[in-house]
Amino acid sequence: MMLRIGLTGGIASGKSTVSDWLRNNHFPLVDADRIAREVVAPGEPGLQKIVEAFGRRILLEDGSLDRAQLGELIFHHEDLRQSLNSIIHPLIRSRMRKQLETFEKEGAPVVFLDVPLFFEGSFEGWTDKTIVVYVTESNQLRRLMARNNLTEAEAMARIKSQMPLEEKKKRASAVINNNGTIRESEDQLIRILKQWGIK
């Protein structure tokens, strides 16, 4: 039976560092962020539904989704965020299920589900175990401001739109403390996998 492991964290917590290590070491990975981009690509029904809901103002000149514009809208308006989620979440979940079925048919012993909003989206029932990539809020804020060139208020609005990392830590099967170096985080991941009998 295939072991399913959820991987999550918070915005700018360094989860992608962990998922990159898994990918580079050839572990099967269902990447919700990548799927979220695929379902709103030009020509996809998801993009058409978003345009119907939000208008053409959320499109770039080439017809692709203006993520910055859409992000600005939804981070400050809960009703708009819920409207967007009701459009894209079913599409993402459907594609994730198909990928899981494919890995299972191929006989993969373990698969990782990289889902930023794992707990917010109620994915606990999809997995056997969960790893949370954790940083302090001050580090999260500093990294997000630097990475996305945001003001403190803009960055904090994005952090506060998610479940606090302290709460996610409590729900996790294992926690990677990502306040140190990338190497330290990778070493923690390797220890967790060994404890769970994953090679």
Side-chain angles (χ1 to χ4, degrees), residues 6-103 111-123 126 133 135 140-163 178 182:
L7 174 66
T8 193
I11 190 169
S13 71
K15 179 181 61 59
S16 59
T17 299
V18 177
S19 59
D20 285 347
W21 186 93
L22 290 167
R23 203 176 273 114
N24 292 337
N25 284 275
H26 313 294
F27 284 98
L29 189 75
V30 175
D31 185 336
D33 261 353
R34 187 173 285 183
I35 291 171
R37 288 192 292 276
E38 289 172 3
V39 301
V40 296
E44 288 281 343
L47 182 60
Q48 184 55 43
K49 288 179 180 175
I50 292 171
V51 171
E52 287 166 11
F54 292 88
R56 299 193 67 79
R57 60 183 169 161
I58 50 87
L59 291 179
L60 294 167
E61 283 182 20
D62 65 0
S64 63
L65 186 62
D66 186 340
R67 294 179 172 280
Q69 169 78 3
L70 187 60
E72 199 55 41
L73 277 173
I74 65 168
F75 278 118
H76 298 290
H77 299 93
E78 179 62 26
D79 57 331
L80 294 180
R81 183 159 67 238
Q82 287 180 0
S83 176
L84 177 67
N85 289 345
S86 71
I87 293 168
I88 63 170
H89 281 185
L91 300 172
I92 294 168
R93 285 169 186 265
S94 172
R95 202 163 288 194
M96 286 176 70
R97 279 196 189 92
K98 283 178 187 161
Q99 287 190 9
L100 283 170
E101 286 166 11
T102 299
F103 284 129
V111 64
F112 290 83
L113 283 79
D114 180 347
V115 187
L117 301 178
F118 183 87
F119 295 112
E120 295 92 333
S122 302
F123 279 95
W126 289 47
V133 182
V135 288
Q140 192 180 16
L141 182 64
R142 181 178 52 77
R143 290 176 185 181
L144 184 56
M145 287 169 68
R147 186 187 80 184
N148 291 31
N149 197 25
L150 300 171
T151 66
E152 186 172 336
E154 288 168 339
M156 193 50 84
R158 283 159 173 74
I159 290 169
K160 293 298 182 191
S161 75
Q162 298 182 350
M163 182 186 292
N178 196 34
I182 289 174

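Please read all numbers here as calculations on a predicted model, not as lab measurements.
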Can you sort out the partners of [X] under ring pair (Phe, Tyr, Trp, His ring centres under 6.0 Å), two or more places apart, ordered by chain and number?
{"X": "F123", "answer": "W126"}
{"X": "F119", "answer": "none"}
{"X": "F118", "answer": "none"}

Practice problem: Describe, in one word, how the ring planes of F27 and W21 are oriented to each other, choosing from parallel (under 30°), tilted (30 to 60°) and perpendicular (over 60°). | Solution: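 Because their plane-to-plane angle is under 30°, the rings of F27 and W21 count as parallel.
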List the atom pairs, donor and acceptor, that lie under 3.5 Å between side-chain atoms in residues 150-157 and the rest of the protein, sequence neighbours left out.
| from | atom 1 | to | atom 2 | distance (Å) |
| --- | --- | --- | --- | --- |
| T151 | OG1 | E154 | N | 3.1 |
| T151 | OG1 | E154 | OE1 | 3.4 |
| E154 | OE1 | T151 | N | 2.9 |

Can you name the side chain to side chain donor-acceptor pair (under 3.5 Å) partners of [X], sequence neighbours left out?
{"X": "R142", "value": "N139"}
{"X": "H89", "value": "N85"}
{"X": "E120", "value": "K168"}
{"X": "K98", "value": "none"}

Reported [atom1]-to-[atom2] distance for the pair [X] and [Y], which is rounded to 0.5 angstrom:
{"X": "K160", "Y": "L141", "atom1": "NZ", "atom2": "CG", "value": "9.5 Å"}
{"X": "L117", "Y": "I11", "atom1": "CG", "atom2": "CD1", "value": "9.5 Å"}
{"X": "I159", "Y": "Q162", "atom1": "CD1", "atom2": "CD", "value": "8.5 Å"}

Self-check item: Whether over 12 other heavy atoms sit under 6.0 Å from I182 CD1
Solution: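 Not more than 12 within 6.0 Å, no.
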Exercise. Please say whether more than 12 non-hydrogen atoms of neighbouring residues, nucleotides or ligands are located less than 6.0 Å from CG in N149.
Key: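 No, not enclosed.
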Which salt bridge (Lys or Arg N to Asp or Glu O under 4.0 Å) pairs, counting each pair once, include a residue from [range], with sequence neighbours left out?
{"range": "residues 58-68", "value": "none"}
{"range": "residues 13-22", "value": "K15-D114, D20-R23"}
{"range": "residues 70-91", "value": "E72-R158, E78-R81"}

With a 4.5 Å cut-off on side-chain heavy atoms, are [Y] and [X] touching?
{"X": "V30", "Y": "F112", "value": "no"}
{"X": "T8", "Y": "M163", "value": "no"}
{"X": "L29", "Y": "S19", "value": "yes"}
{"X": "L7", "Y": "L22", "value": "yes"}

Quiz item: Any sub-3.5 Å donor-acceptor pair from S86's side-chain atoms to S83's backbone N or O?
Solution: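 Side chain of S86 to backbone of S83: a pair is present.
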Quiz prompt | Under 3.5 Å: donor-acceptor pair, side chain of S13, backbone of V135 | solution =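 A pair under 3.5 Å: no.
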Quiz prompt | Stepwise side chain to side chain contact (heavy atoms under 4.5 Å, CB included) check, L100 with L113 | solution = CA-CA 9 Å; L100 283 170; L113 283 79; 3.8 Å; yes
Enumerate donor-acceptor pairs with a distance under 3.5 Å from any side-chain N or O in residues 36-50 to protein atoms, sequence neighbours excluded.
| from | atom 1 | to | atom 2 | distance (Å) |
| --- | --- | --- | --- | --- |
| E38 | OE1 | R95 | NH1 | 3.4 |
| E44 | OE1 | R95 | NH2 | 3.4 |
| Q48 | NE2 | E52 | OE2 | 3.4 |

Practice problem: State, to 0.1 Å, how close F54 and L80 come at their nearest heavy-atom pair, and which atoms those are. | Solution: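 For F54 versus L80, the nearest heavy atoms are CZ-O, 3.5 Å.
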Self-check item: Nearest heavy atoms of N178 and R143, plus distance in Å
Solution: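 The answer is O-NH2, 2.8 Å.
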